[in-house]
Amino acid sequence: MAAPVDTQRLGTYTDMSAFAGLRSAAQKDSKAALPVVAKQFESIFTQMMLKSMRDASSALGDDIMGSQAGNAYRDMFDHQLSLTLSQGRGIGIADMLIRQLGGSPASPAAASNDPFAGVTGDASTVASVSSPSDQQSGLMDSLERMLGDAGRAVGEGADAVAGAVGKLSVSSPEEFVQKLAPHAIEAAKKLGVSVRALLAQAALETGWGKHMPAQGHTSSFNMFGIKAGSSWDGKRVNVPTLEYEDGVAVRRKDSFRAYDSPSDSFKDYADMVSSSPRYAGAVGRGDDVAGFAHALVKGGYATDPSYARKLTDIANGPVMKQALAALKQIAAEL
């Protein structure tokens, strides 16, 4: 029989030792530990939402009453608040995650007496896989654990925050991967390619989320540098861009598609690549990131003669590996 988990200690963000007990309980009885793990999952994403909201507020201007010390205490408060919220009825993410993994959310009465009551099903599941190495490396397993209905709900919330301030707030490659992974995994499944390939292409096109086509202070959320041709009837932005003609870089102004959120950009990209005969060679490439990149260039996706090499280098490079390792670490601690 699994040892009981000290949920009171898990509700204090400064007490990390309780995670050892939770990990041990999960290894002995994953079904019984699922509700507690789901609540920890909810607290992590609640904290990410709070951080996105704080970033949105700071984007509107400096707080004249703020200070580094004040920000530090605010972050501590947000960490504890996210845990406290998840330990009660929460915001619904834990319940969705439990259902996603085959369990049944405990009733309020049962939850007050036994946090493991009424739970059935298997705590491990992997849906369709985009490529073999994503599965073998544990990346897809980590993503599936994190990015079920609960992860999509948080991703949609992050999209809403980004839309409210007109830009995607990203401070590091790790944060870039965490925020865009929910969208990348869906697009990768549709195209039959590695998640790394799509994250790498988005990183190449946007400088890890820092340089998307934009007019004024409003971002296009165009993660893949897709231009707005005559057939595009959506929103667009006109910005300077760098093109290559006969191997020579040329500055010009061009029109790019604009979206309401990064999610819309990933969906449009997957639809475009999967439906265009020009890019048929890029679909179903699995782990072959280089083959995927070269097929895009062959179809006329980019004029940069080094585009395929750059995309492949990012996908296989140390920055991407570190960002994905950080993502898997989050999943491992759930």
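Position 1 is the first residue of the sequence; numbering continues from there.
- Side chain to side chain, Ser194 and Asp287 fail the donor-acceptor criterion of an N or O pair below 3.5 Å.
- Here Tyr301 pairs with Tyr279 under the ring pair (Phe, Tyr, Trp, His ring centres under 6.0 Å) rule; sequence neighbours left out.
- Between Asn316 and Arg196, the closest heavy-atom pair is OD1-NH1, 2.8 Å.
- Residue Lys298 qualifies as open at atom NZ: its count of foreign heavy atoms under 6.0 Å is 12 or below.
- Checking side-chain atoms of Ser274 against main-chain N and O of Asp271 turns up a donor-acceptor pair under 3.5 Å.
- The nearest pair of heavy atoms linking Leu180 to Pro262 is CD2-CB, 3.8 Å.
- In terms of heavy atoms, Lys310 sits closest to Asp304 at NZ-OD2, 2.7 Å.
- Using a 4.5 Å cut-off on side-chain heavy atoms (C-beta onward), Val297 and Leu311 make no contact.
- We find the CD-CG distance between Glu186 and Leu191 to be 11.5 Å, quoted to the nearest 0.5 Å.
- Side-chain atoms of Ser220 come within 3.5 Å of backbone N or O of Pro213 as a donor-acceptor pair.
- What you find for Val193 and Ala282 is that their closest heavy atoms are CG1-O, 3.5 Å.
- In the displayed structure, Gln322 atom CD is contacted under 6.0 Å by at most 12 heavy atoms of other residues, nucleotides or ligands.
- For the atom pair Tyr269 OH and Lys190 NZ, the distance stands at 12.5 Å (nearest 0.5 Å).
- Rounded to the nearest 0.5 angstrom, Phe221 CZ and Asp268 CG are separated by 15.0 Å.
- Side-chain atoms of Ser265 come within 3.5 Å of backbone atoms of Met223 as a donor-acceptor pair (strictly under, hydrogens ignored).
- Summarising the geometry of Val195 relative to Ile185, their closest heavy-atom pair is CG2-CA, 4.2 Å, with the distance given to 0.1 Å.
- A distance of 9.5 Å separates CG of Leu296 from CZ of Arg285, quoted to the nearest 0.5 Å.
- Ile314 and Trp208 get closest at one heavy-atom pair: CG2-CZ2, 3.8 Å.
- The line from CD1 of Ile226 to OH of Tyr259 is 4.0 Å long, rounded to the nearest 0.5 Å.
- In this structure, CG on Asp260 lies 3.5 Å from NZ on Lys235, to the nearest 0.5 angstrom.
- Val319 places none of its side-chain heavy atoms less than 4.5 Å from the side chain of Phe176.
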